[in-house]
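Below is one structure, written out as structure tokens; comments come after it.
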Amino acid sequence: MSQHKVIFSPVTRVSGLLSVELTVDNTYICEADVCCSMFRGYEYIMRNRHVADAVYLTQRICGICSTAHGAIASYLLDQLYDNDIEENAQYIRNIMLAADFLQNHIRHFYFFELPDYVIMPEQPPFLRQNCVDCRFDEEENRRLASNYIRAVKASEQSHQILALFGGKAPHQHSFLHGGVAVAPTTDKILQALALLKDIRDFAERYMMADTNLIANRYNDYFQIGKTAGRFLSFGLFKFGEKNDKSLLKKGVLENNTLTEPRLDLIQEDIAHAWFQRKKRLAETEPAPHKPGAYTWTKAVLYQGNHFEGGPLARMKINGHYTGGTSTMDRIIARSIETLLLTELMEEWLNKLAPGLPPIKQKSQLLSNQAIAVMDAMRGPLLHSALITNEEVTMYDIITPTGWNFSPKDEYRNRGPVEMALVGTHLPTPDFKYVIPGRIIRSFDPCISCATH
Amino acid sequence: MKYNDFLKLCEQYKLEKDYSLSAKLIPCVHKFLDQSNKRKLPVIWLETSDSGDNNIAFMNTTYPYLQQVFTDMIDLLYSNTFMAAQGTDALDLLFESAEEFQGAFVLIVEGAIPTKDRGIYNVIARTNNGNITALDAVTNLGILAQHVVAVGTCASFGGASSAAPNTTGSVGVGSVLKQEIINVSGCPVNPDWLVGTLAHLLMYGKPELDNLGRPKLFYGNTVHRHCQRRSYFDNNDLAKKLGDVECMFSQGCVGPRTGADCPYRQWIDHVSWPVKVNTPCIGCTNQDFPDASAPFFKPFPEKSNSQQSSSQKPSANDKGEIKS
């Protein structure tokens with residue numbers, strides 16, 4: 001068999017709409033184009049609006065990681081207004097953010113990834129599952145599938161913690177610039193601790209055990225879906241009066257060397273994205289018919305190279321995981337992070353002092369532009385704004401899935417997911433979705449974020 | 001079994017020696033369940049232009065929890081989020097289900113529909129025969145469905161995906177389909193509103209709708225009417241800043257013009273809602289959300305298009321009912 005194309009569309013069990021076009025030479029993938037096929041235009045939507053609206057409006061970019069966008073927008077506003085953040089506010093902010101991380105990681109593992117490895121009951125929504133490479137016996141399948149149901153509750157409980165402090169989820173309300181509008185009362189703290197106890201129990205007893213079971217039975221996936229091993233994190237969980245400390249450290253990890261990320265080395269590239277530059281302006285506009293383009297995601301480069309973000313990057317940079325760069329390494333790192341977060345949240349809830357809402361919003365602008373960065377669930381997130389008085393002139397958003405699902409840059413270098421796919425062996429046509437699906441999902445794609 | 005037959009049966013068995021009423025009744029109950037609950041509601045769920053937040057909100061349903069919805073209420077035949085099938089296997093299920101359950105399935109659309117450039121800004125799948133845009137999918141499947149449910153404010157009215165300047169020409173589902181749409185708005189939807197609407201369709205058929213096509217059951221009163229802080233408003237005791245315990249009207253609250261039951265129902269197993277955490281309601285269920293609610297933290301007279309909307313501060317004797 002010579003070269004042929006496989007259109008893998010839709011890639012289901014992800015957030016948003018994704019297709020991948022594979023070129024297969026004999027039984028090896030020799031080219032991959034990841035196509036994020038939805039566009040809304042949030043950078044345009046943000047213009048001419050009051051900058052404080054960014055906290056609520058940018059959360060609408062993403063349903064599964066909304067708190068991360070609201071958080072970044074709040075940090076950005078903290079800079080613009082030069083707010084001083086109380087320690088209690090930082091605890092609540094991080095508890096809310098971590099609760100959304102737990103929700104994300106649990107749902108990703110059980111709802112999105114589990115049906116890649118485990119035979120699900122033959123009823124909707126699990127009809128026509130491709131079980132060509134399902135390796136568990138009947139008893140194991142039943143146990144793993146029943147943990148899907150446990151995950152329903154554990155992830156709902158995670159969002160309950162977020163809603164306790166944030167009013168609702170997705171799209172919380174209280175994490176704002178200047179602090180947090182909710183009062184950390186004893187009853188909320190106790191309720192959150194009780195919920196967290198259940199979630200932690202779930203993470204320890206089921207999620208870690210299930211992760212290990214899958215990792216053992218599918219240990220060939222430590223060799224499948226490898227990337228170049230360039231990792232980037234903007235750090236996670238800010239503390240300090242000026243959001244200047246980060247609990248999980250930021251870093252650029254390349255060839256086992258860790259350096260501090262420099263924002264001036266980040267560049268967006270639209271060579272293969274459906275955008276064109278406006279004449280005389282440094283901004284872009286949609287160009288859905290542009291020849292050679294294949295996605296709504298702009299490539300993002302650091303010092304001219306593609307970088308991978310996510311739990312694997314964070315766990316490696318912070319010394320919690322030392323494995324490789326494969327499909328299974330990404331899955332394991334996410335589960336390790338889940339357990340770590342439950343421990344951190346318990347510590348923060350215990351340190352949180354009952355009292356009044358810790359919020360002080362200043363009203364005088366210190367500057368007219370700011371850039372805020374931090375990691376979201378899937379990797380590095382950046383919001384940058386230029387304002388006139390309090391009105392947005394320009395708002396730029398670079399998301400984690402933008403890094404991971406970068407299309408090829410102008411020199412045709414592949415982004416992390418494309419690189420992970422290329423070179424993969426597809427033993428028979430039955431595997432044409434199975435193996436690429438596992439590789440792609442290990443990055444936890446969020447297409448609504450990537451294209452925004 | 002008719003009610004009178006049931007009573008007769010109970011009377012009759014009172015006199016029987018072995019008094020085995022339940023043995024007689026259980027088969028009747030099963031027969032009743034089989035007849036009345038012919039099958040679960042066949043559902044096709046299309047995700048179009050939104051953030052996927054309505055899917056996440058749906059996952060947060062409690063009593064029934066998600067797995068109970070799947071087991072007892074609906075057959076989710078196509079869902080980009082949940083289905084085990086992928087690639088053409090998933091698309092085959094979409095087309096075959098639409099054919100098999102033609103005129104009987106519920107089409108849930110999550111997200112706005114881009115219409116500019118023939119809808120190219122949202123492609124739900126690519127095939128060897130070309131792109132299937134959200135516009136294609138919704139118009140083709142809509143006519144085959146028994147009911148179309150637009151979930152979330154983007155699907156209902158365009159929402160944040162159609163916010164100015166609306167580069168993609170996005171609109172709500174009702175603007176691309178001729179038939180009646182059940183709008184279950186919210187950004188995101190409260191899972192009770194969606195699961196409650198599906199339950200209504202399953203058990204009692206179409207719910208009574210307001211003038212915006214939304215079930216009155218959930219959207220019939222304003223947030224203002226049932227707000228816990230209504231007494232502060234009536235006494236003109238307004239919050240001076242976010243985080244205060246008084247009325248949030250001064251902080252941009254649009255509860256007086258927003259139909260939703262958040263103050264009673266609350267969110268995520270009913271634990272809280274925005275005003276309870278000392279922030280304003282931003283009117284996320286409204287037809288003109290988000291633009292008419294912006295700036296979110298400025299009171300009514302300073303909202304961007306307050307000339308068009310009924311911008312006057314509602315009087316204390318306003319019952320907060322939605323005028324239809």
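Letters A, B, ... are given to chains in the order of the sequence lines, protein chains preceding strands, and every chain is numbered from 1.
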Determine the option with the most heavy-atom pairs under 4.5 angstrom with chain B, choosing from A:Q160, A:H50, A:E21. A:Q160
Between B:S162, B:A164, B:S49, B:G159, who has the most heavy-atom pairs with chain A when the cutoff is under 4.5 Å? B:A164
For the residue pair B:M59 and A:R107, establish whether any side-chain heavy-atom pair is separated by less than 4.5 Å. yes
Are A:Y56 and B:F297 an aromatic pair by the rule of ring centers under 6.0 Å? yes
Answer yes or no: is there a donor N or O on one side and an acceptor on the other, between the side chain of B:N278 and the main chain of A:A181, under 3.5 Å? yes
Atom CD1 in B:I268, atom CG in A:L195: separation rounded to 0.5 Å? 11.5 Å
Got more than 12 heavy atoms from elsewhere within 6.0 Å of CZ, B:R118? no
Examine whether an atom of A:L176 lies under 4.5 Å from a heavy atom of chain B, and if so say whether it belongs to the side chain, the backbone or both; otherwise answer neither. side chain
So for A:E285, is it side chain, backbone, both, or neither that comes closer than 4.5 Å to the heavy atoms of chain B? neither
Applying a strict 4.5 Å limit to non-hydrogen atoms, the region of A:H159 in contact with chain B is both
Over 12 foreign heavy atoms within 6.0 Å of CD, A:Q123: yes
Measuring heavy-atom distances to chain B, does A:W274 have an atom under 4.5 Å in its side chain, in its backbone, in both, or in neither? neither
Checking B:T48 against chain A: side chain, backbone, both or neither under 4.5 Å from a heavy atom? backbone
Are the side chains of A:R13 and B:F82 in contact, using a 4.5 Å heavy-atom criterion? no
Could you tell me which portion of B:N131 (side chain, backbone, both or neither) has an atom closer than 4.5 angstrom to a non-hydrogen atom of chain A? neither
Heavy atoms, side chains only, cut-off 4.5 Å: are B:S272 and A:K168 in contact? no
Can you say whether A:C446 sits under 4.5 Å from chain B via the side chain, the backbone, both, or neither, judging by heavy atoms? neither
Contact class of B:A160 relative to chain A, heavy atoms under 4.5 angstrom: both
Between B:E96 and chain A, which part of the residue has a heavy atom less than 4.5 Å away: side chain, backbone, both or neither? side chain
Quick check on B:C284 against chain A: is it the side chain, the backbone, both or neither that has a heavy atom closer than 4.5 Å? side chain
Rounded to the nearest 0.5 Å, how far does CZ of A:F111 lie from OG1 of B:T81? 11.0 Å
Counting only heavy atoms from other residues, nucleotides and ligands, does the tally under 6.0 Å from CG of A:N389 exceed 12? no
B:S170 versus chain A, heavy atoms under 4.5 Å apart: side chain, backbone, both or neither? neither
How about A:K362: does its NZ atom have over 12 heavy atoms from other parts shown lying under 6.0 Å from it? yes
Can you check whether B:F296's main-chain N or O pairs, donor with acceptor, with A:D53's side chain at less than 3.5 Å? yes
Any idea which of A:G178, A:P115, A:P170 has the most non-hydrogen atom pairs under 4.5 angstrom with chain B? A:P170
Sidechain-backbone polar pair: A:R128 side chain, B:A84 backbone, donor-acceptor under 3.5 Å: no
Report the option among B:D244, B:T127, B:N166, B:L66 that has the most heavy-atom pairs separated by less than 4.5 Å from atoms of chain A. B:L66
Best-contacting candidate, B:N190, B:N122, B:N55, against chain A by heavy atom pairs under 4.5 angstrom: B:N122
If you define the side chain from C-beta out and look only at heavy atoms, does anything of A:P288 sit under 4.5 Å from B:Y121? yes
Closest-packed option against chain A by number of heavy-atom pairs under 4.5 Å, given B:P188, B:G52, B:S161: B:P188
Just wondering, do A:K153 and B:Y65 contact through their side chains at under 4.5 Å, heavy atoms? yes
Counting only heavy atoms closer than 4.5 Å, note whether A:I7 contacts chain B via side chain, backbone, both or neither. side chain
Backbone of A:L17 reached by a side-chain donor or acceptor of B:N80 within 3.5 Å: no
When A:Q129, A:M38, A:H171, A:Q103 are compared by non-hydrogen pairs under 4.5 Å with chain B, the top option: A:H171
A:D116 versus chain B, the contacting section by heavy-atom distance below 4.5 Å: side chain
For chain B, which of A:Q59, A:M120, A:R49, A:E390 has the most heavy-atom pairs under 4.5 Å? A:R49
Answer with yes or no whether the side chains of A:Y433 and B:T88 bring together a donor and an acceptor at under 3.5 Å. yes
B:D117 portion near chain A, given a 4.5 angstrom heavy-atom threshold: side chain
Atom CD1 of B:I124 and atom OG of A:S37: how far apart are they, to the nearest 0.5 Å? 9.0 Å
Using heavy-atom distances under 4.5 Å, tell me whether A:F165 contacts chain B through its side chain, its backbone, both, or neither. backbone
When B:I132, B:D75, B:T167 are compared by non-hydrogen pairs under 4.5 Å with chain A, the top option: B:D75
Check whether A:P124 gets within reach of chain B through its side chain, its backbone, both or neither, counting any heavy atom under 4.5 Å. both
OG1/B:T61 to CD/A:E156 distance, rounded to the nearest 0.5 angstrom? 8.5 Å
Chain B: which of A:S15, A:A52, A:G41, A:A169 shares the most heavy-atom pairs with it under 4.5 Å? A:A169
With side chain to side chain contact (heavy atoms under 4.5 Å, CB included) as the test, would you mind laying out the steps for B:I120 and A:H289 before giving the verdict? CA-CA 9 Å; B:I120 200 164; A:H289 304 290; 3.7 Å; yes
Would you check if A:S19 and B:V123 make a side-chain contact, meaning some heavy-atom pair closer than 4.5 Å? no
Quick one: which of B:Q86, B:K241, B:R126, B:E47 has the most heavy-atom pairs under 4.5 Å with chain A, could you say? B:Q86
When rounded to the nearest 0.5 Å, the distance separating OG of B:S51 from CD1 of A:I61 is 9.5 Å
When you measure from the side chain of A:R60 to the backbone N and O of B:C187, does any donor-acceptor pair fall under 3.5 Å? yes
Rounded at 0.5 Å granularity, tell me how far OG1 in B:T62 sits from CD in A:Q157. 11.0 Å
Kindly indicate whether the side chain of B:V271, heavy atoms from C-beta on, has any atom under 4.5 Å from the side chain of A:K188. no
Atom group of A:Q172 that falls short of 4.5 Å from chain B, counting heavy atoms: neither
Measuring heavy-atom distances to chain A, does B:D50 have an atom under 4.5 Å in its side chain, in its backbone, in both, or in neither? backbone
Any heavy-atom pair between the side chains of A:H173 and B:I282 that's under 4.5 Å? yes
